Amino acid sequence: MTGRIRWAENVQLWSNLPVMKVRQYCYFAVDSAMTPTSTMTALLGIEPDVAHTKGDLTASGRVRGLNEWRIVEETNDAIDDQIQRLIDRLAPCRPQLVKWAEDQDISSRLQIVRYYHDPDGSHGAPGGTQIGEARKWPRPLGWHLSVEVLQFLSSTSTDLDVDEYDFSPDEVDTNEV
């Protein structure tokens, strides 16, 4: 069987699958036990979208152990497009982030969060959509980090943390009936 025939069979198979909705977002966070978020903001020159203070209570009632400065991207766009926008926003403060990479008290991370089968999520083009039209739809599945993004993460010693959650209904085990 040739690759072209396999591809055509896969397209037919995919066009019959139910549409899966995905909600996804990402954020870039700087954490510190000693540096307040006001100082982070002043040195970075960018206002955070979210700031948490060490000692505050989390939504679950735990005490925060670190100060956290965060900028967030949450749209229906592909996660790699959201990540690129974060990196573009951070470009002016890259020298400060590189400097902080040497500081044992300060750490940074790129957090990616994805919820599969989320009723509030978005879905890609339906099966059978022509490639030109499909590019106009959101791309909820799969993602790619460009060399530019990888170089940014490396130069700033930023961790990459990916959380993925499946909201699909639990399947009933017929053997237990």
Side-chain angles (χ1 to χ4, degrees), residues 19-124 135 137-168 170:
V19 173
M20 177 176 47
K21 291 186 172 185
V22 178
R23 183 169 57 95
Q24 54 193 1
Y25 66 93
C26 60
Y27 62 85
F28 185 92
V30 178
D31 299 313
S32 173
M34 298 185 325
T35 305
T37 56
S38 58
T39 302
M40 293 179 199
T41 300
L43 292 172
L44 292 172
I46 298 175
E47 286 293 324
D49 298 323
V50 177
H52 297 291
T53 302
K54 179 180 175 180
D56 287 349
L57 292 179
T58 66
S60 63
R62 293 184 302 181
V63 176
R64 290 190 185 280
L66 298 170
N67 298 309
E68 182 187 56
W69 179 100
R70 184 190 296 186
I71 60 171
V72 182
E73 276 290 327
E74 185 169 7
T75 66
N76 286 333
D77 294 339
I79 199 70
D80 42 357
D81 293 338
Q82 293 182 46
I83 292 167
Q84 185 62 57
R85 282 194 299 275
L86 283 178
I87 300 306
D88 291 346
R89 283 178 68 186
L90 291 164
C93 57
R94 185 176 185 168
Q96 182 62 47
L97 292 168
V98 169
K99 183 190 249 184
W100 279 343
E102 303 296 320
D103 189 329
Q104 295 296 316
D105 172 56
I106 297 177
S107 62
S108 59
R109 76 181 176 286
L110 174 61
Q111 183 76 49
I112 298 169
V113 182
R114 296 163 50 92
Y115 299 94
Y116 299 100
H117 302 281
D118 186 324
D120 297 326
S122 62
H123 58 81
R135 289 189 174 129
W137 286 74
R139 293 183 343 251
L141 298 176
W143 49 283
H144 167 83
L145 295 180
S146 67
V147 171
E148 175 192 358
V149 169
L150 293 170
Q151 288 173 338
F152 182 93
L153 297 176
S154 177
S155 70
T156 59
S157 294
T158 298
D159 291 333
L160 174 63
D161 187 0
V162 180
D163 293 342
E164 296 185 322
Y165 304 96
D166 186 358
F167 283 8
S168 60
D170 293 333

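Predicted model only: the values in this text are computed from it and were never measured.
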Exercise for the section: Could you check if a side-chain atom of Trp69 sits within less than 4.5 angstrom of a side-chain atom of Thr35, using non-hydrogen atoms only? Expected result: no
Exercise for the section: Locate the shortest heavy-atom distance separating Ser155 from Ala101; write the atom from each residue and the value. Expected result: O-CB, 4.3 Å
Practice task
May I have the step-by-step check of side-chain contact (heavy atoms from CB on, under 4.5 Å) for Lys21 and Tyr115, ending in yes or no?
Solution key: CA-CA 8 Å; Lys21 291 186 172 185; Tyr115 299 94; over 6 Å; no
Practice task
Could you check Leu90 against Leu44 for side-chain contact (heavy atoms from CB on, under 4.5 Å), going step by step and ending with a plain yes or no?
Solution key: CA-CA 9 Å; Leu90 291 164; Leu44 292 172; 5.9 Å; no
Handout entry: Residues Arg114 and Tyr116: side-chain donor-acceptor under 3.5 angstrom
Key = yes
Problem - Where Pro92 and Asp88 come nearest, the two heavy atoms and their spacing - result: CD-O, 3.9 Å
Practice task
Write down the atom of Arg89, the atom of Ile71, and the distance for their closest heavy-atom approach.
Solution key: NH2-CG2, 3.6 Å
Exercise for the section: With rounding to the nearest 0.5 Å, note down the distance linking OG1 in Thr37 to NE2 in His52. Expected result: 10.0 Å
Practice task
Measure the spacing between CG of Asp31 and CZ of Arg70 and express it to the nearest 0.5 Å.
Solution key: 8.5 Å
Practice task
Could you tell me whether the side chain of Arg64 reaches within less than 4.5 Å of the side chain of Thr53, counting heavy atoms only?
Solution key: no
Practice task
Show the numbers, then the answer: is there a side-chain contact (heavy atoms from CB on, under 4.5 Å) between Val149 and Gln84?
Solution key: CA-CA 7 Å; Val149 169; Gln84 185 62 57; 3.5 Å; yes
Handout entry: Side-chain donor or acceptor of Thr156 paired with backbone N/O of Phe152 under 3.5 Å
Key = yes
Handout entry: Heavy-atom side-chain proximity of Thr41 to Ile46 below 4.5 angstrom
Key = no
Exercise for the section: Taking the side chain as every heavy atom from C-beta outward, state whether Val113 and Tyr165 have any atom pair closer than 4.5 Å. Expected result: yes
Fill in the blank from the handout: On a heavy-atom basis, the closest approach of Tyr25 and Glu73 is CB-O, 3.3 Å
Problem - Rounded distance (nearest 0.5 Å) linking atom OG1 of Thr158 with atom CZ of Phe28 - result: 3.5 Å
Problem - Donor-acceptor under 3.5 Å (Asp166 side chain, His117 main chain) - result: no
Problem - Minimal non-hydrogen separation, Glu74 against Gln24, with atom names - result: CG-O, 4.2 Å
Practice task
Find the distance between CE (Met40) and CD (Gln96) and round it off to the nearest 0.5 Å.
Solution key: 11.0 Å
Exercise for the section: Quick one: pull up CG in Asp80 and CZ in Arg85 and give me the separation to the nearest 0.5 Å. Expected result: 10.0 Å
Practice task
Take Asp159 and Leu110 through the side-chain contact (heavy atoms from CB on, under 4.5 Å) test and state the conclusion after the steps.
Solution key: CA-CA 6 Å; Asp159 291 333; Leu110 174 61; over 6 Å; no
Handout entry: Tyr27 side chain reached by Val50 side chain, heavy atoms, under 4.5 Å
Key = no
Completion exercise
One should read off an interatomic distance between Ile83 CD1 and Asp77 CG, to the nearest 0.5 angstrom, of 12.0 Å
Practice task
May I ask you to check whether Ser32 and Asn67 show a side-chain donor-acceptor distance below 3.5 Å?
Solution key: no
